[in-house]
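Here is the structure we will look at.
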Amino acid sequence: MSSDSSQVTDLFIIGGGINGCGIARDAAGRGLSVTLAEMNDLASATSSASTKLFHGGLRYLEFFEFRLVREALIERETLLRAMPHISWPMRFVLPYHADMRFDSETPTSRLLSTVMPWMRGRRPAWLIRLGLFLYDNLGGRKILPGTRALNLRSVPEGAPLQDKFETAYEYSDCWVEDSRLVVLNARDAEARGAKIRVRTEVLAARRVDDMWHITIRDQQSGETETILAKMLINAGGPWVGDIIQTKIHINSREGVRLVRGSHIVTPKLFDHDKCYFFQGEDGRIIFAIPYEQDFTLIGTTDQDHSDPSERPVCTEAEQEYLCAFATKYFKKPVTRADIVWTYSGVRPLYDDGASSATAATRDYTLKVDATGGAPVLNVFGGKITTYRRLAESALEKIGEYFPDLAGPWTAGVALPGGDFPVDGAPDLIRQVQTDYPFLTEAWAHRLVRAYGTEAWDILGAAKDQTDLGEDFGATLTETELVWLMDKEYARTAEDVIWRRNKLGLRLSPEQIDRLDDWMTNR
């Protein structure tokens, strides 16, 4: 069945990842009419497969990406204030010893080898301290504490590490629940008038004079319809190049480089709440991060990935690589037998011709094409930390096509549930337990860290657990599930247990099947 819509939308956005949803929120808040189509679930690709960090990108300093790092560092604190439920400060421990050698071809390493040839293959302590000094000061830090040196012999952070590591540097960055960030941006966009269409595929888009005619298909009902838009935004992530070539058929010299990043999750490897930043002999780095209270997350890799339609998986070779990398630092070896879950995502980086996946720029590039009539904005690259600034830059780019467009507004405006102080989560957890005494501490912690002040909206007038309906296991109840389906676009068990939360780590296959059945019947 097909229907044609004569309704005209200002912006039609292809892609329900962080860039698409961030642009939708910003644009809707400025008074533009917005329709967003995502062919799968929100954040179903790159935006749910990150290392879950809001960081300036310490290693990007080695590539002299000072503008990107500065923008990201400034953004950390802007975002912390807007989403203190799903993002929080974290301290990072960078172990160091003088015998470290690195096979690195960064601009910094080449310069060091030229000026001080005896330093070839090293990152001397003074270079790390200089990098951390820049990291502390480039972004005008106000909330986050600065760098300090650690004697690993006398602090708990040294206990899990091999004895050869005596010194470390500790600095600040931030954690973020990546897929929840996407959903909250989509919800806020919708609250401001945007139409969010999940599981809706764009079949084709063509220019007719000064208008886009976009044909879409509902993946569940099979219905197709045509929507008219004054401007198209291609925020397709890994599919941005495919959309240019096969959906909107424009000539573009810009390209995207697909880089796969894989992660492993193991049972908890250490007892403190800080993250480790490990440097590898191959010039790469990985993180080992406290995860979901009982686990450790280790990642990431950098591998070129040729085809966006090929589902990224953490290969056996990548699992071995991450285990071996971590084992060079931890006293207790990390093996593939320890792995309880893996995930992998494809980063759609702007193709700057870099020699390796690691060296490819993490900066974003926005290109408007209006040569054939109605304009299209193609979004290349970007990282979660700078998504809000990317959205502002996108609105700057399209401003000439909407002359009465309002100015930037998103800095300092809380996302749903985030209307409380940066350090207010512990108080909120205690308060929700006081108001709902049947909640365990872990349950209250999970709810506040997912929903912030909206936890009360979900729990409502419940007096005990039975008031929340069916118990699906691991503190997931019918009441919460209804919220996720009605308010947060969830359609399947996978949407819930891997993107709205990470309860897939705790639920049995039978419990997951029951969850899927319940959602299908509803």
Side-chain angles (χ1 to χ4, degrees), residues 17-19 21-23 25-26 46-47 49-84 86-92 94 106-108 128 130-147 171-178 181-182 185 235 237 259 261 275 277 285-287 289 299-300 302 345 347-350 352 354 358-366 379-396 408 410-412 415 422:
I18 188 56
N19 290 337
C21 291
I23 292 169
R25 178 192 184 223
D26 194 333
T46 306
S47 296
S50 76
T51 313
K52 324 297 181 194
L53 298 179
F54 251 118
H55 62 124
L58 180 60
R59 73 185 181 89
Y60 305 152
L61 289 174
E62 285 202 49
F63 294 91
F64 300 158
E65 297 237 29
F66 298 114
R67 190 211 63 79
L68 174 65
V69 174
R70 183 172 185 275
E71 182 174 277
L73 290 171
I74 293 169
E75 273 300 281
R76 290 182 314 180
E77 301 204 355
T78 303
L79 295 168
L80 275 176
R81 292 186 179 96
M83 54 191 80
I86 62 165
S87 180
W88 52 88
M90 189 174 270
R91 295 292 277 173
F92 288 68
L94 194 166
T106 66
T108 299
I128 292 173
L130 174 62
L132 289 167
F133 174 80
L134 290 172
Y135 207 66
D136 275 349
N137 293 286
L138 270 176
R141 184 176 43 83
K142 293 184 178 68
I143 299 172
L144 300 169
T147 298
Y171 69 96
S172 289
D173 258 323
C174 306
W175 173 266
V176 66
E177 300 286 358
D178 54 3
L181 175 62
V182 178
N185 270 273
V259 175
C275 166
F277 176 117
I285 60 102
I286 63 168
F287 297 100
I289 313 171
T300 180
D302 271 332
R347 296 185 285 268
L349 307 180
Y350 180 64
D352 60 352
T358 302
T361 182
R362 266 53 177 175
D363 211 343
Y364 55 82
T365 299
L366 308 173
V379 179
F380 299 93
K383 58 203 286 287
I384 279 188
T385 317
T386 51
Y387 90 88
R388 192 196 65 82
R389 286 290 295 118
L390 182 150
E392 285 187 341
S393 298
L395 270 291
E396 277 175 35
T410 54
L415 286 165
V422 169

inquiry  = Is there a side-chain contact between Asp173 and Pro89 in this structure, where contact means two heavy atoms from C-beta onward sitting under 4.5 Å apart?
reply    = no

message = Once rounded to the nearest 0.5 Å, what's the spacing between atom CZ of Arg388 and atom OG of Ser393?
response = 9.5 Å

key: Closest heavy-atom pair and its distance - Ile23, Ala394   = CD1-CB, 3.9 Å

ask   = To the nearest 0.5 Å, how far apart are CD1 in Ile74 and OG1 in Thr385?
value = 13.0 Å

Sub-4.5 Å side-chain heavy-atom contact between Arg81 and Ile143 = yes

request  = State, with a plain yes or no, whether a side-chain heavy atom of Ile289 is found less than 4.5 Å away from one of Trp175.
outcome  = yes

inquiry  = Using side-chain hydrogen bond (donor to acceptor under 3.5 Å, both in side chains), reason through Ser50 and Asp178 one step at a time and then give a plain yes or no.
reply    = CA-CA 7 Å; Ser50 76; Asp178 54 3; 2.7 Å; yes

query = Taking the side chain as C-beta and beyond, is there a heavy-atom pair between Ile86 and Leu181 under 4.5 Å?
reply = yes

remark   = Nearest heavy-atom approach of Phe54 to Met83 is CE1-SD, 3.8 Å

inquiry  = Side chains of Arg91 and Ser172: any donor to acceptor distance under 3.5 Å?
reply    = yes

Beyond-backbone contact of Leu58 with Leu132, side-chain heavy atoms, under 4.5 angstrom = yes

key: Value rounded to 0.5 Å, distance of CD in Glu71 from CZ in Phe66   = 15.5 Å

Donor-acceptor pair between Glu392 and Tyr387 side chains, under 3.5 angstrom = no

inquiry  = Suppose we call two aromatic rings close when their centres sit under 6.0 Å apart. Are Phe287 and Phe277 close by that rule?
reply    = yes

ask   = Quick one: NZ on Lys383 to CG on Asn19, what's the gap to the nearest 0.5 Å?
value = 12.0 Å

request  = State, to 0.1 Å, how close Leu53 and Phe92 come at their nearest heavy-atom pair, and which atoms those are.
outcome  = CD2-CZ, 3.7 Å

key: Phe133 CZ: over 12 foreign heavy atoms closer than 6.0 Å   = no

Exercise: identify the closest heavy-atom pair between Gly345 and Ala49 = CA-CB, 3.5 Å

request  = Kindly determine whether Lys52 and Glu177 satisfy salt bridge (Lys or Arg N to Asp or Glu O under 4.0 Å), including the steps that lead there.
outcome  = CA-CA 6 Å; Lys52 324 297 181 194; Glu177 300 286 358; over 6 Å; no

key: Spacing of OG1 belonging to Thr410 relative to CZ belonging to Arg389, to within rounding of 0.5 Å   = 9.0 Å

task = Would you check, one step at a time, whether the test side-chain contact (heavy atoms from CB on, under 4.5 Å) holds for Leu79 with Ser87?
result = CA-CA 8 Å; Leu79 295 168; Ser87 180; 5.6 Å; no

key: Chi angles and distances behind the side-chain contact (heavy atoms from CB on, under 4.5 Å) call for Leu134, Val69   = CA-CA 10 Å; Leu134 290 172; Val69 174; over 6 Å; no

ask   = Just checking, any donor-acceptor pair under 3.5 angstrom between side chains of Asp136 and Thr147?
value = yes

task = Would you check if Val379 and Tyr364 make a side-chain contact, meaning some heavy-atom pair closer than 4.5 Å?
result = no

task = Could you tell me whether the side chain of Leu395 reaches within less than 4.5 Å of the side chain of Pro408, counting heavy atoms only?
result = no

query = What pair of heavy atoms forms the shortest contact from Leu144 to Glu77, and how long is it?
reply = N-OE2, 3.2 Å

From CG (Leu138) to CG (Leu73), nearest 0.5 Å = 6.0 Å

query = Looking at Tyr171, is Arg76 sitting on its ring face, NZ or CZ under 6.0 Å from the six-membered ring centre and within 45 degrees of the normal?
reply = no

request  = Walk me through it: do Glu396 and Leu366 pass the test side-chain contact (heavy atoms from CB on, under 4.5 Å)?
outcome  = CA-CA 10 Å; Glu396 277 175 35; Leu366 308 173; over 6 Å; no

query = Heavy-atom distance under 4.5 Å between the side chains of Phe380 and Leu349, does that happen here?
reply = no

